[in-house]
Engineer: 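Sharing a structure below in structure tokens format, with a few things to ask.
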Number of protein chains: 2
Amino acid sequence: MTSDSLDLLHPDRDALRLTDVLFALSDPERLAIVCQLADGPLDMGQCYLSDPSIPKSTKSHLMKVLREAGVIRNEQAGRGRRLTLRHDDLEARFPGLIGAVLQAAASFQPAEAADRRA
Amino acid sequence: MTSDSLDLLHPDRDALRLTDVLFALSDPERLAIVCQLADGPLDMGQCYLSDPSIPKSTKSHLMKVLREAGVIRNEQAGRGRRLTLRHDDLEARFPGLIGAVLQAAASFQPAEAADRRA
DNA sequence: CCTACTGTTCGAATAATTTCGAACCAATCT
DNA sequence: AGATTGGTTCGAAATTATTCGAACAGTAGG
């Protein structure tokens, strides 16, 4: 009935810590995930890692770090999970930060993104 | 005579990696150092850590991480060392990033900074 | 030259992250 | 209900980062 264990914990906007956010973004794999979410929410299955053979537990852990830092929201959606970049919360708390990171990342790793689309 | 081993290695502007920069900034102690350098270069002795009892080897290592990520420059100056935030290089490579981080950090940890000034 | 002063580097111990398989849980479909 | 799909959590192993003392190196001053 009412959702039980699997609604995960998300920090409030006011509780976001800059160093935690920076740390979450400092891993190439996590940063790439964030870039994919910049255009809008995605189901977990639509979020691609650089290496497709990475097990789901590892992928889940990457999402956990991003979620606990307050970078993404991870909510149940049907059978799977919907991932959302917490753009508004980040922007409110750290103005200009996420935009600068996304722009820098976009002009940086376009090759990998293109590879994934191919 | 000519400086020997102690001119440290600094990555070129073009070699700066976003994830390395974010990682370097993701530690509270290192971030605080960067904030102190925002107003201009400082000698190492003028850079304060949250805990004054931290040994110099640890402090040196914090600077090393910042330097190797390309966040600061560390050059010999007289008897000691002059630390400089590589603001121009960072801005050129990741427009808006360092400014957003500094602003977010400033509106975040003013208590600690005030303590140090007292 | 010798000493004092500043920092860096090295090596080892500790702590924190990452990675992965296995077990588990919730939702959907038959 | 049972089977399938999609993802989280747990626990252990491996990797990486941090911390600190000791040894070293460069500079300035006596």
Side-chain angles (χ1 to χ4, degrees), chain A residues 1-10 17 19-33 37 41-69 71-84, chain B residues 1-10 17 19-33 37 41-69 71-84:
Chain A
M1 299 283 194
T2 60
S3 52
D4 198 26
S5 66
L6 281 192
D7 37 56
L8 306 174
L9 249 114
H10 295 78
R17 282 195 302 175
T19 49
D20 290 347
V21 170
L22 294 175
F23 179 80
L25 297 172
S26 73
D27 175 75
E29 208 74 61
R30 289 192 296 257
L31 182 57
I33 291 169
L37 295 177
L42 285 177
D43 288 337
M44 193 151 217
Q46 316 306 324
C47 262
Y48 299 112
L49 301 183
S50 63
D51 180 354
S53 68
I54 288 175
K56 56 183 179 176
S57 59
T58 299
K59 187 175 182 180
S60 186
H61 180 257
L62 291 170
M63 298 303 180
K64 181 183 186 180
V65 174
L66 287 168
R67 171 178 54 82
E68 291 182 333
V71 176
I72 67 172
R73 203 177 297 280
N74 179 345
E75 34 198 3
Q76 199 162 322
R79 167 158 38 197
R81 306 221 133 234
R82 161 139 313 195
L83 305 172
T84 314
Chain B
M1 297 291 190
T2 61
S3 53
D4 198 27
S5 66
L6 281 191
D7 36 56
L8 306 174
L9 249 115
H10 295 78
R17 282 195 300 175
T19 49
D20 290 346
V21 170
L22 294 175
F23 179 80
L25 297 173
S26 73
D27 175 74
E29 208 74 61
R30 289 193 295 257
L31 182 58
I33 291 169
L37 295 177
L42 285 177
D43 287 338
M44 193 152 213
Q46 316 307 323
C47 261
Y48 298 112
L49 301 183
S50 64
D51 180 353
S53 69
I54 288 175
K56 56 183 180 175
S57 59
T58 299
K59 188 174 181 181
S60 187
H61 180 257
L62 291 169
M63 298 303 179
K64 181 182 185 179
V65 174
L66 287 168
R67 172 178 53 82
E68 290 183 331
V71 176
I72 67 174
R73 203 177 299 279
N74 179 345
E75 33 198 5
Q76 200 161 322
R79 167 157 38 196
R81 304 222 135 236
R82 161 139 312 193
L83 305 173
T84 313

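The chains referred to below are lettered A, B, ... by the order of the sequence lines, with proteins before strands, and numbering in each begins at 1.
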Engineer: Any non-hydrogen side-chain atom of B:H10 less than 4.5 Å from a side-chain atom of B:E75?
Structural biologist: no

Engineer: Are A:D27 and A:L62 close enough that some pair of their side-chain heavy atoms sits under 4.5 Å apart?
Structural biologist: yes

Engineer: Starting at the 5' end of DNA chain C and moving along, which residue's nearest nucleotide shows up first, B:Q46 or A:P55?
Structural biologist: B:Q46

Engineer: Is any side-chain heavy atom of B:I33 closer than 4.5 Å to a side-chain heavy atom of B:L49?
Structural biologist: yes

Engineer: Tell me: CD1 of B:I33 to P of C:dG7, nearest whole Å?
Structural biologist: 12 Å

Engineer: Kindly point out which of C:dT18, C:dT9, D:dT8 is positioned nearest to the side chain of A:H61?
Structural biologist: C:dT18

Engineer: Starting at the 5' end of DNA chain D, which residue's closest nucleotide do you reach first, A:R79 or A:T58?
Structural biologist: A:R79

Engineer: Among C:dT18, D:dT18, C:dT8, which is the nearest nucleotide to the side chain of B:K56?
Structural biologist: C:dT8

Engineer: Between D:dT19, C:dG7, D:dA17, which one does the side chain of B:F23 approach most closely?
Structural biologist: D:dA17

Engineer: Specify the separation, in whole Å, of atom CE of B:M44 and atom C1' of D:dG26.
Structural biologist: 15 Å

Engineer: Name the nucleic acid region contacted by A:N74, choosing base, sugar-phosphate or nothing; use a 4.0 angstrom heavy-atom cut-off, strictly under.
Structural biologist: sugar-phosphate

Engineer: Whole angstroms only, please: what is the CG-P distance between A:D27 and C:dT17?
Structural biologist: 13 Å

Engineer: Rounded to the nearest 0.5 Å, what separates atom CZ in A:R81 from atom CD in A:Q76?
Structural biologist: 5.0 Å

Engineer: Return the nearest nucleotide to the side chain of A:R81; candidates are D:dT8, C:dT8, D:dT19.
Structural biologist: D:dT8

Engineer: Please state how far atom CD in A:E75 lies from atom P in C:dA26, giving the value in whole angstrom units.
Structural biologist: 18 Å

Engineer: Is the closest side-chain heavy-atom distance between A:I54 and A:E29 below 4.5 Å?
Structural biologist: yes

Engineer: Using a 4.0 Å heavy-atom cut-off across all strands, classify B:R82 as base, sugar-phosphate, or nothing.
Structural biologist: nothing

Engineer: Does a distance-only test, which skips hydrogens and angles, find a donor-acceptor pair under 3.5 Å between the side chain of B:S57 and the base of D:dG21?
Structural biologist: yes

Engineer: For A:Q76 and D:dG6, what is the distance between atoms CD and P respectively, to the nearest whole Å?
Structural biologist: 14 Å

Engineer: Could you tell me the separation between the CZ atom of A:R30 and the C1' atom of C:dT19, rounded to a whole number of Å?
Structural biologist: 13 Å

Engineer: Starting at atom CG of A:D43, determine the distance to atom P of C:dA27, rounded to an integer number of angstrom.
Structural biologist: 16 Å

Engineer: Expressed as a whole number of angstroms, how long is the span from A:K64:NZ to C:dC20:P?
Structural biologist: 17 Å

